[in-house]
Every structure is written in structure tokens, then in C-alpha cells.
Enquirer: 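There's a structure below that I have some questions on.
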Amino acid sequence: MKYKSTRGNKESKSSAEAILKGIAKDKGLFVPDTFPKIDKKLEEMIYMDYKEVAFYILKKFLGDFSDEDLKDAIEKAYDEKFETKEIAPIVKAGDAYFLELYHGKTLAFKDMALSILPHLLTKAAKKLGEDKKVVILAATSGDTGKAALEGFSDVDQTEIIVFYPDNGVSEIQKRQMITQEGENTHVVAIKGNFDDAQSGVKKIFNDDGLGKEMENHGFVFSSANSINIGRLVPQVVYYVYTYIELLKRGDIKSGEKINFVVPTGNFGNILAGYYAKKMGLPIHKLICASNKNNVLYDFLNTGVYDINREFFMTNSPSMDILISSNLERLLYELSDHDEDVVNTLMNQLDGETKKYTITPNMKENLQGFYGGFTTEEETIATIQTVYDESKYVLDTHTAVAYKVYEQYKEESKDETKTVIVSTASPYKFTKSVIKGVVASTKEKNEFKLIEMLSKNTGLSIPEPIKNLDKKPILHDIKCEKDAMKDTVKEILHI
Ligand SMILES: *Cc1c(COP(=O)(O)O)cnc(C)c1O
């Protein structure tokens, strides 16, 4: 299997090349040219643990890596860094299952892919004989940044530079990033929002002049954002794992379809679910949950993607995004791999109109998706209801997903068993979560709130944030959104 660009230049790359490059020359994203199929009976896989499922899936997508390399990467990624032995526990509460993807070091689902990406990337570099230092650039709405920093910290032959929106992340997210240790880590606050950070990073990647200069100084760029296919593939694993686990528990029958609800921002997580479906996993609906930034909801309902709209900062900040990069990969599938169509649509989005409309055929192919969104008030109210009814504590992103699930059920009367993909620990967004759990409080200090949340719910405070407020601040660079390139050059001394 090879990787091609969504935008049609005829580059055909191995998975190692695609991971190392991050983004294609024509600005497109790397996509598999054909989908591998799950060729084992799912009911025969019920004895596999998370790592074994990971090996099975990764091997299918990353065929040019040796078994030994893949196993080594998997062992190093999914170890005791995760607070639970299962890596991704599935909990039943209310009338849904919650797939808890937040037991890694940074308390968000980004750890699932970013704890393995550095290993895949360094192995790819070695395989390809790359002797330059790899500079990882990442834009973050809060969670990718910390997970990438954690993953790449002091990894040989790499530097990592993370850009986050100065006022667009939670206090805990910010603290996690600016206290990051590691000689090769760099954290920059930009005066702008996530879309500015993401566009800025893409611009740097596509700056040929800068690329040359970098090469002369012994550097190459790569990406830790979900535009990198090395982020997506490890995310396919937990969809398959969930299905197998429910089979094992006897909660579903062999072949029975299930739904997943995914709180969505950049469309990476839900796309991985779609890839799992393409591999043959019995999925009925992929339910895309958005917050007040409901551009995806509109798209799924009308076929029009239009970013001419106000950007809101909400209590689910990791989803405060207008340009969902990975939608480009979905367009490629919806159009049956028609690169010209993808190219045209992406040019319209990048150009003056800032919107595009998909063809009726493509719209037809959207049937397996459902889109919904919630307001901030509904998000808090949902945390409260779920807590009152089942003593289960949701973070704001997961609450968005649960609320959208309720809307979906109401509307469709669909009784299919459903898994809510839980993307963050409630402790990462305590300021908002506390409002749903404790009637009201005047306390503003986020670290006091963490203690309060724990006292009220009996939920223990995750190890990685226990002493976060006492850690020294190691990063304080700020820059204008137009000065990202200069900042990169300064950091690298070029
Ligand atoms: C990144 C993130 C999301 C959005 O995931 P995408 O893959 O960008 O769609 C949702 N919730 C949390 C907590 C996140 O960190």
C-alpha cells in the first residue's frame, strides 16, 4: 500500500516517507491509495489486548516498517505512562458506553497517537537514511501541544516547536505546556486563535525558500498535527479495540453494528473512525459533535463548508476550530479519490470565497455521518445531569458529544448501541466542569478547583497534574501571528 496526496500530484510514498514529510509537496495531505481490510474474524480477536490490536492495525497501514520496529514502538508508547492497564478503558454509564482515551500523561486523547508518533518518526528517519535534524512544528488548540512536547521531549535528532493561541487554552493546558522540560522543546504563545496558528504552520511548511535555508543548516521540518498520517493510523486502533472489547463482554453480537459519537475539531479522530469503517468494522453512524463553532454541523447537513462566520471561544476549547484540516481527507473519499475535485474545493476554501459546496454525489456519500452541536449552557447542564444520574464525571468535550447523542436519539429513534469517544479528563477543564458538579463556587484558582472537584466526586486527581502549580515556568516566548516564521528562525539560530 502506498500513500498519495489528496491534491493530485502523482507523488507516491511509502508510509515511512509520508510520516517523515508530514505534508505533500502540493500542500495536500497523504492518504492511503487503497484501504486494507480487517481479514481476521473480529470474534477471533477477543483475546487480544490493546497492544496486540495496535500491532495488527499498524502493520496493515505501515507495511514498510519491520515487525520488530512496530513492536518496539508499540511497547514504548503504551506502557506505564498510561494510568490504566487497559490503556483505553470502556465504561458504561447512562445509556451509552464511554471510551476513555484520556489516561495518558497529558490527560487528553492526543496521547493515544502522540506517544507513538515520535518512535515511528525516528524509525522512519533512520530507515530512509535522513541525517538532518527533524524539526517538529505543531499548532495546538491546547492538547496536541502538550502531548507532542511530552512525546518528543529529549528525543534524539529532533527539535519541537509548539504554537498555541495565547488566550485560547485552559489554564491547565497552558501550565502543562509552559512547564515542559526537555532541551529540545520550545513553546510559543501567538496573538491569534488556533486557525491562525494552524495556517501559520502550514505556511512555514510550504515556504520553499525557508525549506532550503533549513536544509543548509541541517534541518528538515515535519508535523505532529493530525495532518500527519502517523497521527491518524494509531487512532484507528481504538475503534477496532472497542468493538472487540464489546464483543468480548457479550454486549454485542458478532456483526452487530455500533455507533460512535466523536467530539470533533480538526476532524482527525472521527476520520480515524471512518477509516476503521472502511476496513470493515461494523459501524452504523459516526456522529460528529461540535460546539458553538458549528461549521461541521452545517457542512454535514447542507454540503456547504463556509468559514465566513464568527469564531467563538467556548468551554470546550480543543474544538474551537473553523478550518478542520482532515476534512480534506474525507473529501477525497467522498469524491471516490477525485484529486481535481479536492483541489478545486480546497482552493476555494483557501481563496477569496472561503467556502465550497460539494457535489450531489459527494453529499450522497455522507450518509454514514450525523452532525450535531451544543451551546455552552447545554454542555454544563449535560455534565450536571450525567453526574446527578450516574455519578459519572464528563469533561466539557465529552459532554458536547453526549448531548449531541441525546439529540440524535431523539431525532432518529435509533436504538443502536453507542460509544461516546471521551477525549479529555474532567481535570483538564475543571473551571467549567465544576459548574456542573458543584452548584456554585466563588473559587477562581484552578488548582483549588481541582481539589474541590476531587473532594466532591471522590475521583482521584491524576498523577501528571498533581504538582503542576509548583513546577517552574520554562517557556515565555510570545509572537504576533505574522511573525511565526521569524520566531522559528530565531529558535533554530538560522
Ligand atoms: C483535539 C481534541 C478534540 C478534537 O479532535 P480532532 O481530532 O481535532 O477532531 C476533541 N476533544 C479534545 C479534548 C481534544 O483534545
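Everything quoted here is computed from the prediction, not taken from an experiment.
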Enquirer: Just checking Y297 against F373, ring centres under 6.0 Å apart?
Expert: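 So the answer is yes for these two rings.
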Enquirer: If every non-hydrogen atom of I229 is compared with every non-hydrogen atom of A18, which pair is closest and at what distance?
Expert: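 Of all heavy-atom pairs spanning I229 and A18, the closest is CG2-CB, 3.9 Å.
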Enquirer: Looking at D166 and K478, is there a salt bridge between them, counting it only when a charged N and a carboxylate O are closer than 4.0 Å?
Expert: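 D166 and K478: salt-bridged.
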Enquirer: Apply side chain to side chain donor-acceptor pair (under 3.5 Å) to residues N228 and S223 and explain how you reach the verdict.
Expert: CA-CA 6 Å; N228 193 321; S223 159; 5.1 Å; no
Enquirer: Return the CD1 to CD distance between I323 and E328, rounded to the nearest 0.5 Å.
Expert: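 Result: 11.5 Å between the selected atoms.
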Enquirer: Would you check if there is a donor-acceptor pair between the side chains of N315 and S432 at a distance under 3.5 Å?
Expert: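 The criterion, which ignores hydrogens and geometry beyond distance, is not satisfied for N315 and S432.
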Enquirer: Heavy-atom count around K127 NZ within 6.0 Å, excluding the residue itself: above 12?
Expert: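 Counting neighbours around NZ of K127, more than 12 heavy atoms of other residues, nucleotides or ligands fall under 6.0 Å, so yes.
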Enquirer: Can you confirm whether K126 is buried at NZ, in the sense that more than 12 heavy atoms of other residues, nucleotides or ligands lie under 6.0 Å from that atom?
Expert: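 No, the 6.0 Å shell around NZ holds no more than 12 heavy atoms from other groups.
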Enquirer: Is a side-chain donor-acceptor pair under 3.5 Å present for S325 with Q198?
Expert: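 Distance-only check passes for Q198 and S325.
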Enquirer: According to the interplanar angle, ranging from 0 to 90°, do the rings of F267 and F369 count as parallel (below 30°), tilted (30 to 60°) or perpendicular (above 60°)?
Expert: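 Tilted, since the angle between the ring planes falls between 30° and 60°.
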Enquirer: Are there more than 12 heavy atoms of other residues, nucleotides or ligands under 6.0 Å from atom CE of M313?
Expert: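 No, the 6.0 Å shell around CE holds no more than 12 heavy atoms from other groups.
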Enquirer: What do the steps show when you test K21 against E17 for salt bridge (charged side-chain N to carboxylate O under 4.0 Å, His left out), and what is the final call?
Expert: CA-CA 6 Å; K21 285 186 111 32; E17 288 171 310; over 6 Å; no
Enquirer: Can you list every pair that meets side-chain hydrogen bond (donor to acceptor under 3.5 Å, both in side chains) and has a residue in residues 436-455, with sequence neighbours left out?
Expert: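 The answer is none; no pair qualifies.
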Enquirer: Can a salt bridge be assigned to the pair K133 and E159 using a cut-off of 4.0 Å between side-chain N and carboxylate O?
Expert: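 Here K133 pairs with E159 in a salt bridge, since their nearest N and O are under 4.0 Å apart.
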Enquirer: Applying the side chain to side chain contact (heavy atoms under 4.5 Å, CB included) criterion to F447, which one of I172, T430, I465 satisfies it?
Expert: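 Option passing the side chain to side chain contact (heavy atoms under 4.5 Å, CB included) with F447: I172.
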Enquirer: Mind checking whether F109 and Y102 have ring centres under 6.0 Å apart?
Expert: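 No - the distance between ring centres of F109 and Y102 does not fall below the 6.0 Å cut-off.
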Enquirer: Give the intermediate values and the outcome of side chain to side chain donor-acceptor pair (under 3.5 Å) for residues S324 and N266.
Expert: CA-CA 4 Å; S324 301; N266 224 357; 5.0 Å; no
Enquirer: Is any side-chain N of the basic residue among K81 and D79 closer than 4.0 Å to the acidic one's carboxylate O?
Expert: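 Salt bridge: yes.
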Enquirer: Whether E376 and K292 form a salt bridge (side-chain N of Lys/Arg under 4.0 Å from carboxylate O of Asp/Glu) is what I want to check.
Expert: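 So K292 does not pair with E376 through a salt bridge.
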Enquirer: For residues D64 and A16, report the shortest heavy-atom separation together with the two atoms involved.
Expert: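 Heavy atoms only, the tightest pair is OD2-N, 3.1 Å.
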Enquirer: Apply side chain to side chain contact (heavy atoms under 4.5 Å, CB included) to the pair E480 and I190, showing each step before the final yes or no.
Expert: CA-CA 6 Å; E480 299 293 334; I190 70 153; over 6 Å; no
Enquirer: Pick one: which of K428, K110, H397, Q176 meets side chain to side chain donor-acceptor pair (under 3.5 Å) with D143?
Expert: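 The residue from K428, K110, H397, Q176 that satisfies side chain to side chain donor-acceptor pair (under 3.5 Å) with D143 turns out to be K428.
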Enquirer: Tell me, please, whether F260 has K285 positioned over its six-membered ring: NZ or CZ under 6.0 Å from the ring centre and within 45 degrees of its axis?
Expert: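 That pair does not qualify as a cation-pi contact.
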Enquirer: What's the verdict on side chain to side chain donor-acceptor pair (under 3.5 Å) for E490 and H493, showing C-alpha distance, side-chain angles and the deciding distance?
Expert: CA-CA 5 Å; E490 264 168 48; H493 306 293; over 6 Å; no
Enquirer: Looking at E83 and G104, would you say the former's side chain and the latter's main chain have a donor-acceptor pair under 3.5 Å?
Expert: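 No: the side chain of E83 does not pair with the backbone of G104.
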Enquirer: Check the side chains of T158 and N184 for a donor-acceptor pair under 3.5 angstrom, ignoring hydrogens and angles.
Expert: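 Looking only at side-chain atoms, T158 and N184 do form a donor-acceptor pair, the distance falling under 3.5 Å.
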Enquirer: Is the positively charged end of K60 above the ring of Y56, judged by distance under 6.0 angstrom from the centroid and angle within 45° of the axis?
Expert: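 Judged by the rule, K60 and Y56 form a cation-pi pair.
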Enquirer: So, does T457 use its side chain to make a donor-acceptor pair with the main chain of L453 at under 3.5 Å?
Expert: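 Yes, T457 side chain to L453 backbone: donor-acceptor pair under 3.5 Å.
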Enquirer: Between T122 (side chain) and H119 (backbone), is there a donor-acceptor pair under 3.5 Å?
Expert: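 Yes.
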Enquirer: Run the side chain to side chain donor-acceptor pair (under 3.5 Å) check on T374 and T379 step by step: do they pass?
Expert: CA-CA 7 Å; T374 64; T379 304; 3.3 Å; yes
Enquirer: Can the ring centroids of F194 and Y164 be said to lie less than 6.0 angstrom from one another?
Expert: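 Centroid distance F194-Y164: not below 6.0 Å, so no.
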Enquirer: To check you understand the geometry: which heavy-atom pair defines the closest contact between V53 and V240, and what is its length?
Expert: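 For V53 and V240, the tightest heavy-atom pair comes out as CG1-CG1, 4.1 Å.
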Enquirer: Of all the heavy-atom pairs spanning P263 and V261, show the shortest one and how long it is.
Expert: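 Heavy-atom minimum between the residues: CD-O, 3.9 Å.
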Enquirer: Is the backbone N or O of M452 less than 3.5 Å from a side-chain atom of N456, with the two atoms forming a donor-acceptor pair by type?
Expert: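 Judged by distance alone, yes, a pair lies under 3.5 Å.
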Enquirer: What heavy-atom pair brings L296 and G265 nearest, and what distance separates the two atoms?
Expert: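 It is CD1-O, 3.9 Å.
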Enquirer: Pairs in or reaching into residues 235-245: which pass side-chain hydrogen bond (donor to acceptor under 3.5 Å, both in side chains), with residues at least two apart or in two chains?
Expert: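 Pairs touching residues 235-245 that pass the test: Y238-N269, Y239-N269, E245-R249.
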Enquirer: Apply salt bridge (charged side-chain N to carboxylate O under 4.0 Å, His left out) to the pair E171 and R175, showing each step before the final yes or no.
Expert: CA-CA 6 Å; E171 179 61 27; R175 275 288 178 136; 3.7 Å; yes
Enquirer: Any chance you could lay out the side chain to side chain contact (heavy atoms under 4.5 Å, CB included) test for L149 and S153, step after step, and finish with the verdict?
Expert: CA-CA 6 Å; L149 288 162; S153 171; 6.0 Å; no
Enquirer: Hey, would you say the Y392 and Y387 ring centroids sit under 6.0 Å apart?
Expert: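 Between Y392 and Y387, the centre distance exceeds or equals 6.0 Å.
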Enquirer: Just by modelled atom types, is the R329 backbone N or O under 3.5 Å from a matching donor or acceptor in the N326 side chain?
Expert: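 Looks like no, no N/O pair under 3.5 Å.
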Enquirer: Does K203 NZ have over 12 foreign heavy atoms under 6.0 Å away?
Expert: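 Counting neighbours around NZ of K203, 12 or fewer heavy atoms of other residues, nucleotides or ligands fall under 6.0 Å, so no.
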Enquirer: For D156, does the CG atom sit with more than 12 other heavy atoms under 6.0 Å from it, leaving out its own atoms?
Expert: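 It does not: D156 CG has 12 such atoms or fewer within range.
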Enquirer: Using the salt bridge (Lys or Arg N to Asp or Glu O under 4.0 Å) rule, collect all pairs that involve residues 386-397, keeping only residues at least two apart or in two chains.
Expert: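 Residue pairs with at least one partner in residues 386-397: there are none.
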Enquirer: Would you sort out whether C479 and M484 count as a side chain to side chain contact (heavy atoms under 4.5 Å, CB included), showing the intermediate values?
Expert: CA-CA 7 Å; C479 85; M484 288 167 61; 4.1 Å; yes
Enquirer: Is the closest basic N to carboxylate O distance between D72 and K123 below 4.0 Å?
Expert: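 Judged by the 4.0 Å cut-off on N to carboxylate O distance, D72 and K123 do form a salt bridge.
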Enquirer: Quick one: do the N193 and D320 side chains pair a donor with an acceptor below 3.5 Å?
Expert: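 Judged by distance alone, the side chains do not pair up.
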Enquirer: Provide the closest heavy-atom pair for L120 versus A73 in the form atom of the first, atom of the second, distance.
Expert: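 Minimum heavy-atom contact is CD2-CB, 4.2 Å.
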